[in-house]
Structures are given as C-alpha cells and as structure tokens.
Number of protein chains: 2
Amino acid sequence: MTSSSVPSAAASPLTTEDYAARMERASRAAADAGLAGLVVTPGPDLSWLCGYRPTAETERLTALLLAPGREPRLLAPTLEKPDAEHAAGAGAVRISGWTDGEDPYRAVGDLLGGVEGRYGVSDNAWALHLLGLQRTFPGSRYAAFTEVLPMLRAVKDAHEVERLAAAGAAADATFEEIAQVRFAGRRESEIAADLAASLLRNGHSQVDFTVVGSGPNGANPHHEAGERVIEEGDMVVLDFGGLKDGYGSDTTRTVHVGEPTAEERKVHDVVREAQQAAFEAVRPGVACQEIDRVARQVIKEAGYGEYFIHRTGHGIGVTTHEPPYMVEGEHLPLVPGMCFSIEPGIYLPGRFGVRVEDIVVCTESGGRRLNNTAREMRVVA
Amino acid sequence: MTSSSVPSAAASPLTTEDYAARMERASRAAADAGLAGLVVTPGPDLSWLCGYRPTAETERLTALLLAPGREPRLLAPTLEKPDAEHAAGAGAVRISGWTDGEDPYRAVGDLLGGVEGRYGVSDNAWALHLLGLQRTFPGSRYAAFTEVLPMLRAVKDAHEVERLAAAGAAADATFEEIAQVRFAGRRESEIAADLAASLLRNGHSQVDFTVVGSGPNGANPHHEAGERVIEEGDMVVLDFGGLKDGYGSDTTRTVHVGEPTAEERKVHDVVREAQQAAFEAVRPGVACQEIDRVARQVIKEAGYGEYFIHRTGHGIGVTTHEPPYMVEGEHLPLVPGMCFSIEPGIYLPGRFGVRVEDIVVCTESGGRRLNNTAREMRVVA
C-alpha cells in the first residue's frame, strides 16, 4: 500500500437533497445556455441527476425532464415505475408512467409544458427516441449535452472528488497487489482475473476493464487480455478500473518481467516524462487540447511521435470514460473540479507498448493526482 | 427433460458468406424502402450484419455503412480497428479507421459516396451521432430501422430459427431442473442464482434475466429477484433467458409452493387459456396487435382485464427483446420466420402474479412453439 489515505468505510449515500440540488443546477445551467429544457435518458446523466439506473435498457422510453422553473418529472414505462420509485433520488422528482400503446413523445411534450424551443438531450439517447421527438415536435430543436452543457457533469464538487480519490486509492492498492504476483508462465487472462478480484477486494462494486497487454499485444492500446502466455523479457501494460461507491477508477502502469533492455527503459522514460509534463501543465483556464499537446510534444521530440496513436485523456466520474477529452480540437478550458486521465503511450507494432496513466483533478493551484503508485517501470517476476 | 430435440453440440459458426448475404439483403431492403443507405451502430444490428461487437460502448463512433450498389464499409476508431478486423464477418466488409481529432461524420459521408437522401439508422444509435450527421449533412434525413425496415431482423431464416429452437430447448431443460429444487425457506435471489447456473450448464453463454417473483412480488411484472424468503403457499413467477450460440431464450412459468387455492388455480387457468388462444391466432398475415387483442380478450372476459398491464409479446433473435411487438397499435403483419414471445399475465397488487410465456415462430401453417414444458401450474416444494 503506497497510499495512507484509503478510506476504511464506504462513502455515505447521496441524499434526496443532493439529487434535488443537482437537478436544480442542471435546470439553471440549461437556462443559462438558452435551452428550454433537458431530456435525460438512462445512462450516466440519469443516474447522476436522480440516482435511477433502470435494470435493463429497453426500447421503451424512460426520460427525466427538466425545465427552468418547472418541477422535475420522470417519465417511465408503467411496468418500470415501481423500480423508478425506489431510485435514490426518487424523492426529488415526480414520477409518471406511460403504458404500452400510448405515445411516449406526446407525454414528454406534456410534461415539458408544451414549450417549443431548443432542448438538450443525453448523448446516448436512442436515435429512435430523438427521431420520435423531432417528428412529434417539429418546431423544437435538439443538441447533445456534451455540446451544450459540457461543464455540467465534467466539473465535480468536493464530495465527488473525494469519491474519485477513494476509487483511485483502491486502484493503487490493486496495482501494489498485482505487482507481487507471478507473471512469467501465466496467461494474460489469468492476470486479468487477478486484477478483477483485487479491485473487488479493494471496495469496487463493478469492474469495467482489466487490460493486460503483454509483449506485442501491448502495442495494441485497445487489446484487453487474451490467452497469450507471458514470458520472461515481456513488457506488460496493465490498465484497469471500475466503479467504487458509484465513482470511477482508471490507472495504467507498465511492468517488465525481469530486467528490461536499454531501449525498453528509454521508451518507458519518454512516456513517463510525457505524463509528468502534461500533469504539470494542468491549471485552470488551460484548454484541454493543451494537455494533449504537451504530452505529444515530449514523445515527438524523443522521436516516437508516430507511435502515440490516441488522445491523451478523458474525463471520469460516475462512468470511467466521459467528457471532457484531452484531445486536439477540444478548446474547453480546465476548471477546478474537472477530473480526467492523463495517459500518454508509445506503441511499437509487433514489439511492445508502454502507457502510464493517472487520474488528475484540476485545482485552483494546478493538478492533483488521484493515483499515487510509483510511475517508474516496475520489474515483476 | 421434456424435449427430445436438445442439440448436443454447439451450432456451427456463421461464415463470411453468411454475413455477406445479410449485408446484401439489408442493402436491397434499403433500396426497396427508398433509402439511400443504412448507418448501423454497435448493438444487435451491427452484430447481426457483420458479427462485430465492440468490447465497450464509447462515445467514439463505430458505424457499418451500407448503400445499394456500394461495397459494405465499416468505420471504426483507429484504436479499435484491430478488434473490428477480428469480427466474425470482417471478411465481408472493408474496414477504415478514424483517429481522435478527425471528424467521423465527414468520414461517414465520404464512405457513403456523399449521396444525400433518406438514411436508416439503428434504433439505438446515440443522439450525439445522429445530431452530428444531421448537422454535417443537412440535406439528408434519417429514420429508425424499426420504422423503415421492420422486417429485416424480425424475419428469421431457417438457420436462425434452429438456433432459437436450441436456446428454447435449453431454457426448457432449465425449467425442468428448477422445478426440482426446494423453494420454501429460500430467498428469491438464491433461486435466481440456481436459474442462472442452470442456463449456463444448459449451453447458454450469457444470462440476461432471472426473474423470481414470489407472493406479492409476482404482482410487479418488472420485479427481478430480491431478498424475500419464499414461503409455503406462495405463487412464484419464474421468467428467465439469455443467449445460446448468439440467439435468445425467454420463457416464463408460474409455480406454486404446495397446494394452490381455488382462486390461484382459476387465475392461472385464465392466463394459460389466454396464452393458448393467442398462440392459436398465429398465422401469416395476422397483425401483431391481433395477437395482443386475442390474449387480452380472454383475460377481460374472465374479469381480470385491468390486471393485465403489459403488452402480450416481443420479438427475439440476437437479443432477447426486439421488434416486432405484440401490442395494440402494431399493424405489422406476421410473416413466416417471425419469432416472438406470447406472454400474457394477471397481476393482483399486493397478492400474487401469474404469467405464462413461450417463444413462438410463425410458420406457413400457423404458430410453432419453441418452448415445450407443460403450461399447467406446477406444484413445487
């Protein structure tokens, strides 16, 4: 354990007042953005705003409807209304049902007071539903949350940062455990299973990914974990995370089975320096794309520019991947409370890959890491 | 085991030619529907058409692009291209990558040949992406697959029906196993775990739901399984299913712990008769809503109309719930090869619920059940 700050108890649950405050904040943000209201469908927006996660995603419309000056309303299929009534934030919203055979889009319009205008919709709302709204209300227009309210979920409050820090500390504890296990002679999938078990043991309720990219597999940044048997001399990318008390973890360390070569050391050093430089660039007002540029510049100057083939980072919160993105073209400024990954990498096709990733929160005075295991390449057995 | 037709081996995998034929059929159907092409995003449409299931759903656009007379193209984030290249149907489609910072909607337009027109999009395509396409190509229009190509996935070929029959037989074997276990004194969640284990043992690769609704919980058709301890005298709704060899199962039987009362018997008889009547109504050309009406009429005549609070059925295929829906207002005619559930129920609030469900395929000569366990109420211990 490198961290002395692992909370020993689960975080206290969010209250009806917490959810009411989030919905009120969202309504205000919508008004400020010139929107007539918000149509929030199942997924991270809905669970963040009212604590409701339908058990199954179906084609039956469920939508939270927020509009400035109006009471929050949740429309759910009548069948699923009892579930919705048990949601953590149910006390802060009035719930209505619609029955098979009724038109749910008309019901949305009624609950929004029939006001035509520009509405924000969840990024992942089904096209079926958006088309239904567009057809039913041709006088209204729609825009994705990411585009019109990019700051709403991206900027975390102190309670949320605390939860993300606890998830990060649990992921750190997981790394310290995995660094002790035997790698040589075992399959990637076995190490992945160890990672999942360790995340759960360290308080995660859900494991989202356990990437184990050994040798040439590490050169595919999207490789998960396969049947390859790890050998002495392999570089191994370990990228893992999930949810703890409703908030995400995501960290990457690259380890080496036995002593690395000079080239392997060099590549790892370049990635680590790129990660450090990007971290040091974090401060309020800096554009997201600048974080990407800083990391990319270090790797480019070392001659590996063409082998850094993905963006530098992504936001994290009630999901493990969400806006804002640290990518060229993202002009959004960093704001205190934004939490995101910084994860540059170098991928040498057919040979090996290296990635180093921490979750970082932007504070008034700069970045603060929520992952704190050593970033030097660890030698494992 | 009531079924003598449980296949002993896994179904043979679909070939490149199978996927090529599906994509060709989809392109032709699009042309016949007056569409310029199809935009297919991750989910059942994509896996049905080209065998690709991205490991994680992200905000990065992945889309299969089909247009009459054009080669099928798959656009994927460059990071995920290696995964896409391993999809079962990858040999039947040309794959292109787009990189973070590029505009994926422009890329979609290029791959579709820049033709303006009306396009079909997957029902579950993200609003973010549909809005991106609408913004980038204001001269084009979009419609959900369910609305413009309702028959495409709904009508199964002989190979698909065979797989659905095998999944149904495995679900039947699961019911026969669960009817032997002890119910009284055990929690719903324990029976649910037994159901899941049995589905897997009987060849399922994925369990989608294991509803155990005992006593008053059975009166909530959306109840899954909780910590309630099942007692002597309880009615218990068991509704379970998942995927076997890529195709779905979904069956419901209602059992009784010990001897039922006369009223419980009567309610169960009404539901069973409604299910039988709806089954007998199945034949080509009958509208989906007619199947719902027939079941509803039986229940209404018995005086329980207000307690049948959901539609009568849904399609099944590479997912366990998909169009067509057996619901008032669905005028789509049944066609040989359509596979769907018939699952009427009666739900007496605070007391108990009853549901009986089989998967049925429409053939030239009428319905054929893919679930074949006895539909009479089973008494369990």
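Letters A, B, ... mirror the listed sequences (proteins, then strands); counts begin at 1.
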Tell me, for [X] versus chain B, whether the close heavy atoms (under 4.5 Å) come from the side chain, the backbone, both or neither.
X: A:Arg60; result: side chain
X: A:Glu147; result: side chain
X: A:Glu59; result: side chain
X: A:Ser122; result: backbone
X: A:Gln134; result: side chain

Side chains of [X] and [Y] in contact at under 4.5 Å (non-hydrogen atoms):
X: A:His129; Y: B:Asp123; value: no
X: A:Leu128; Y: B:Asn124; value: no
X: A:Ile309; Y: B:Thr78; value: no
X: B:Asn220; Y: A:Leu79; value: no

Original post:
From B:Trp126 CH2 over to A:Leu130 CG, what is the distance, rounded to the nearest 0.5 angstrom?
Top reply: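 Atom-to-atom, B:Trp126:CH2 and A:Leu130:CG are 14.0 Å apart.
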**OP:** Using a heavy-atom cutoff of under 4.5 Å, enumerate the residues of residues 311-326 of chain A that contact chain B, numbered in order, or state 'none'.
**Re:**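 Result: A:Arg311, A:Tyr325.
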**OP:** Go through A:Ala125, A:Gly132, A:Ala144 and name the one with the most non-hydrogen pairs under 4.5 angstrom from chain B.
**Re:**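 Highest number of pairs under 4.5 Å: A:Ala125.
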